[in-house]
Amino acid sequence: FPVTIHGFVEDHIKNEMFLHIDAILEHGRGVKIKTAIEHVMSKMLFDENTFPYETIKKAYDRHRLKNAREKINRFSIA
């Protein structure tokens, strides 16, 4: 399947958001996911019309689940 520019850019933006959200949650004690996402949205100049909070939250939840599965698989394979 050909990779579209739109898909590539969207994936890159999501990965950047996830890296920032992960860093905020890892280093900010007691920071809630909602606060981290809202902070990243503000820094990336996204509003509800550009990239809605719920869309980012659902994508981030899938990202966290995928990472958790990968960690489990690394330990069970070893």
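When a residue number appears, it is its place in the shown sequence, counting from 1.
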Q: Any chance you could lay out the salt bridge (Lys or Arg N to Asp or Glu O under 4.0 Å) test for Lys14 and Glu10, step after step, and finish with the verdict?
A: CA-CA 6 Å; Lys14 284 181 182 177; Glu10 184 177 347; 3.3 Å; yes
Q | Atom pair CD1 (Ile13) and CZ (Phe51), whose distance is rounded to the nearest 0.5 Å | A | 7.0 Å
Q.
To the closest 0.5 Å, what do you measure between OH (Tyr53) and CD (Glu38)?
A. 6.5 Å
Which pairs would a plain distance check flag for residues 15-34, meaning a side-chain donor or acceptor within less than 3.5 Å of a matching protein atom at least two apart in sequence or in another chain?
from  : atom 1 : to    : atom 2 : distance (Å)
Asn15 : ND2    : Asp11 : O      : 3.2
Asp22 : OD1    : Tyr60 : OH     : 2.4
Asp22 : OD2    : His63 : NE2    : 3.0

Q. Can you get from Leu65 to Ile37 by hopping between Ile, Leu, Val, Met, Phe, Trp and Tyr side chains that sit under 4.5 Å apart?
A. no
Q: Apply the test salt bridge (Lys or Arg N to Asp or Glu O under 4.0 Å) to residues Asp61 and Arg64: give CA-CA distance (whole Å), side-chain angles for both, the deciding distance (0.1 Å), then the verdict.
A: CA-CA 5 Å; Asp61 287 344; Arg64 286 179 40 218; 3.7 Å; yes
(Q) Counting C-beta onward and ignoring hydrogens, is there a side-chain heavy-atom pair between Met41 and Glu48 closer than 4.5 Å? (A) yes
